[in-house]
Structure formats: C-alpha cells, structure tokens
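Structure first, then comments.
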2 protein chains.
Amino acid sequence: MEKRRTSKSSSKPGAQPKTLGAEAWLSEAWRALSELGVEGVRVEPLAARLGVTKGSFYWHFEDRAALLGALLDDWEQRATAAVIRAVDERCESPRERLFALIRMTTGAPEAPDVEHAVRAWGALDPAVRKRLHRVDARREAYVQALLVAVGVDEARAAMRARALYLALIGEYTRVAHGGAPTDRATWDELVQRMIER
Amino acid sequence: MEKRRTSKSSSKPGAQPKTLGAEAWLSEAWRALSELGVEGVRVEPLAARLGVTKGSFYWHFEDRAALLGALLDDWEQRATAAVIRAVDERCESPRERLFALIRMTTGAPEAPDVEHAVRAWGALDPAVRKRLHRVDARREAYVQALLVAVGVDEARAAMRARALYLALIGEYTRVAHGGAPTDRATWDELVQRMIER
DNA sequence: CGAGTTCAATACGGCACCGTATGGAAAAAC
DNA sequence: GTTTTTCCATACGGTGCCGTATTGAACTCG
C-alpha cells in the first residue's frame, strides 16, 4: 500500500528504539534550526547526523515543508502555556510572579537560540509571522495582567508590558549572538521601575 | 592582464552610469539581505534583478564572501557614527538627546529590517558576531553616557542603558515581522522611567 | 513458517547556485 | 585608428539539496 506516516512505534519510553521515530527527526531539526536557522534545516544533512539516509525521512514526513510545520506546532504549544503554568503554580502574589517570570524566561539556557531562530524565520515566512503574533500577544497580555494586578493602571500597564516584553526579545537576540546574559540586578531594576505606581 | 576589481568608474555623481558599479550590487544586496536574510543574498538572483549576468559580479567582487564582507563594512560604518552625530548636532541637553535618539532610531522606516537581518546573520556567523558586539557596546555606552549626564548614577545608568537598548533591539525584531511599531507614548514612558532619579 | 507491516538503503532525475574560463563590445588611452 | 582597459555575456563543470521509485531487512502477527 502507499499509506505511510502512521508512526506509533517507539516500543516504550525508556528503551531507546533502535529504529527512528518522527521525534528523533524533530529534535535534530530543532538543533539545526537554533544553530543554523531555517535554511540550515535540510533533509540530507539531518539524515547524515542521525546516521541514516533520506529514505527514513520521507517515510515519516511528507516533505521538508511538513517538518518545518511540525517544528512550528511544537514551538507554539510549548512557548506560552508551559511557562505561564509554571509561574502560576510556583508563586502566589502577582509581584512575585513577575519577578519569577523574568527569571525563568531569562534563565532558560537554550531558550534564546530557539526563540531567536523562530523570529529570524518569521522575518522570511508569513505563515510563521502569524504564529509569532499570536504568541507575542498572549505573552504580552499575561505580563500586562500581572502589572494590573500589582496596581498599575490599565493604560500604563499596557505600555510597560510592551516595554518589558521588548526588552525580553532583545535579550534573547543578544544572548543568541553569544552575548553575556544580562544580570539579574539589571532585570530587577527594570521590573522594579515598571512596577512602581 | 588578470587584474580586476579596480573600479573607479562612475562618470560623475548625478549621471546614471549605463554600466554597473560595485555600489549597484551592494544596494541590491542590501535589499536581498533585509528581505530574505543572508541566505537570500545569492549571486545569480541578484544578477537577474539587476538585469545582468554573473559575469558582471565576478568582475567587481572576488566571490560571494567578498560581497557579504562589504555589506558588513558598510553597516558598521553607518550604524553608529551617523546616528550619534545627528543626535549631537540636533540637540543640546542630554535629556532632549535621549528622547531624540529614541525617536530617530524607532522612527527610521527601513532600519528594523536591516538591523534584524544583520542580527539574524550574526547568529550564524562568528565574524558578524564580533562586529555586532562592537556596535552594541558603542551604542550602549552612548546611552549610558546620556543617562549619567541626566543625573543617574553610574551603576544605575549602566543597567538602564542596557534595558533601553534591549528594548530597542526587541522593537527592531518586532517591526521586522510586520508588527505595528510601538507608539511614542510607550517609548516616552519607558525613557521617563529610566531617567528618574 | 509465510505474509504483511515498518523503517531504511540505494539509485535516480532535476534544480539552483557557485566559481571559472573565455570571448566580445564599447569606451578610454595612446 | 589602433591598442588597452573596462565591463559584461556565454558556456561549462561541480556541488548540495529535493523529492521519487524501488528494493530490502527486520519485526509482527496470523
């Protein structure tokens, strides 16, 4: 038959499968994306690194575009919900949540590369732009809500949430270039300035 | 002889030359870079857009790498000195200069694309990273100096200069994706917060 | 054990691009 | 007016990548 891409193997989590699954391709693709950008996500080099040939790839994926699409889906899901949940679980007061949010997002070691790669990608592909907009809007709204909860009035909160988020994007970009991460004191200073009435 | 790349033609500024110069290639390369990223700067497509063939390109440039190098030189020269000079000429008080600086940098319509493209490029090429570091350091130092001149103490000025500059990078990234530019009020709010004692 | 299913190897045609080699036309220098 | 220089066209070989087609090995299940 010519039906492929069923892929529910993987024996059991914990036993490394001697046969590749789609996730293996995905994770290699993530590495390539963050290190080389979208243009670095190529089928044959990926295959070489995985120690297989293209034959495997085209069994798991329709084509290269399908892989890129899968990357986006993966990112959009994890980029927002996970962080917000973690912050909400860990802290109570909105003030603590703000500081925790900044610490988490600026502390994750591989986040900048991924984030920057996706953004660089977005400058090239309109489909990626849309997702970026959604994610950005969601994150910014969350920050704004925290600021309001702290006591900043709506209008100012919107402006400061934007400012904070812009700085965060800037930091991702900066670190993605190998720049030294901005230290906690600087972030605290900024957040503090944004919080005050 | 096999000596090429002498290129001092261009008749006179004002008369459009019927024959291409290196600058024509450079400006097309800029467009490609900002629209498509480094990987979009390819010799043959550029030639097609200029209505000539590769033969022309390899007369003016050693190879593709030389073109990319020329782009970097061009950028580093214009990216810092020009803006600082303009601001210093136009305003007197450091406070005014700060607001003017932000307005100029966030107001230039093609700056975000160029800036973001160079930064995306920097994530891939270590040689580009170095230039980025230099430029970033110079810009940040300028902002810090302005903050100190306004009356912020050194330590805080360093942190706030960083924060401001990060936000600016973020804005470039944002706008490069087709996001709406952040409005003046938001910038003024941020700058104001960074200025206050 | 034989048949189907799952995953990968091999081999192929095609495209886009790089860089080189060589020749030609038009302008500049003599 | 011939020679030289300047700039571009044409043609070529080479590479890296995409996607398809076909075959084959290993595992699964009857």
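Bear in mind the structure is a predicted one, so any value in this text is a computation, not a measurement. The figures that follow rest on heavy atoms only: side chains count, while hydrogens, waters and symmetry mates do not. Just so it is clear: chains get the letters A, B, ... in the order the sequence lines come, proteins before strands, and each one is counted from 1.
Atoms CZ (B:Arg64) and C1' (C:dT20) sit 18 Å apart, rounded to a whole Å. The interatomic distance linking B:Leu50 (CG) with D:dC7 (C1') rounds to 14 Å, in whole Å. Rounded to a whole Å, the CH2 atom of B:Trp25 is 13 Å from the C1' atom of C:dC18. Taking atom CZ of residue A:Phe61 and atom P of nucleotide D:dT20, one finds them 15 Å apart after rounding to whole Å. Between A:Leu68 atom CG and D:dC17 atom P the separation is 15 Å, expressed in whole Å. For the pair A:Asp63 CG and D:dC17 P, the interatomic distance rounds to 17 Å; values are reported in whole Å. Taking atom CD on A:Glu39 and atom C1' on D:dG16, their separation rounds to 13 Å, with Å as the unit.
Mapping A:Gly55 and A:Arg42 onto DNA chain D via the closest heavy atom, the residue that lands nearer the 5' end is A:Arg42. Position along DNA chain D of the nearest nucleotide to A:Glu44 versus B:Phe57 favours B:Phe57 as the more 5'-ward residue.
Residue B:Thr19 has a polar side-chain atom (N or O) positioned under 4.0 Å from OP1 or OP2 of D:dC8. Contact check, A:His60 against C:dT6: no side-chain N or O comes under 4.0 Å of OP1 or OP2.
Listed candidates were D:dC18, C:dA8, D:dT6. Nearest to the side chain of B:Trp59 is D:dT6. Residue B:Tyr58 places its side chain closer to C:dT20 than to any other of C:dT20, D:dG19, C:dA9. Residue A:Pro45 has its side chain nearest to D:dC17 when only C:dA9, D:dC17, D:dC7 are considered. Closest contact between the side chain of A:Thr53 and the listed nucleotides D:dG19, D:dA9, C:dA9 involves C:dA9.
You'll find the ring centres of B:Phe57 and B:Trp25 inside the 6.0 Å limit.
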Checklist entry - Are B:Arg139 and B:Glu115 close enough, and set up right, to give a salt bridge (charged side-chain N to carboxylate O under 4.0 Å, His left out), and what steps lead you there? => result CA-CA 13 Å; B:Arg139 290 175 176 174; B:Glu115 199 78 11; 2.6 Å; yes
Donor-acceptor contacts, no H, no angles, side chain residues 84-93 of chain A, under 3.5 Å, sequence neighbours left out:
| residue | atom | partner | partner atom | Å |
| --- | --- | --- | --- | --- |
| A:Asp88 | OD1 | A:Tyr142 | OH | 2.7 |
| A:Ser93 | OG | A:Glu96 | N | 3.1 |

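The backbone N or O of B:Trp30 sits less than 3.5 Å from a side-chain atom of B:Ser34, completing a donor-acceptor pair.
The aromatic rings of A:His116 and B:His116 lie tilted to each other, with the angle between the two planes from 30° to 60°.
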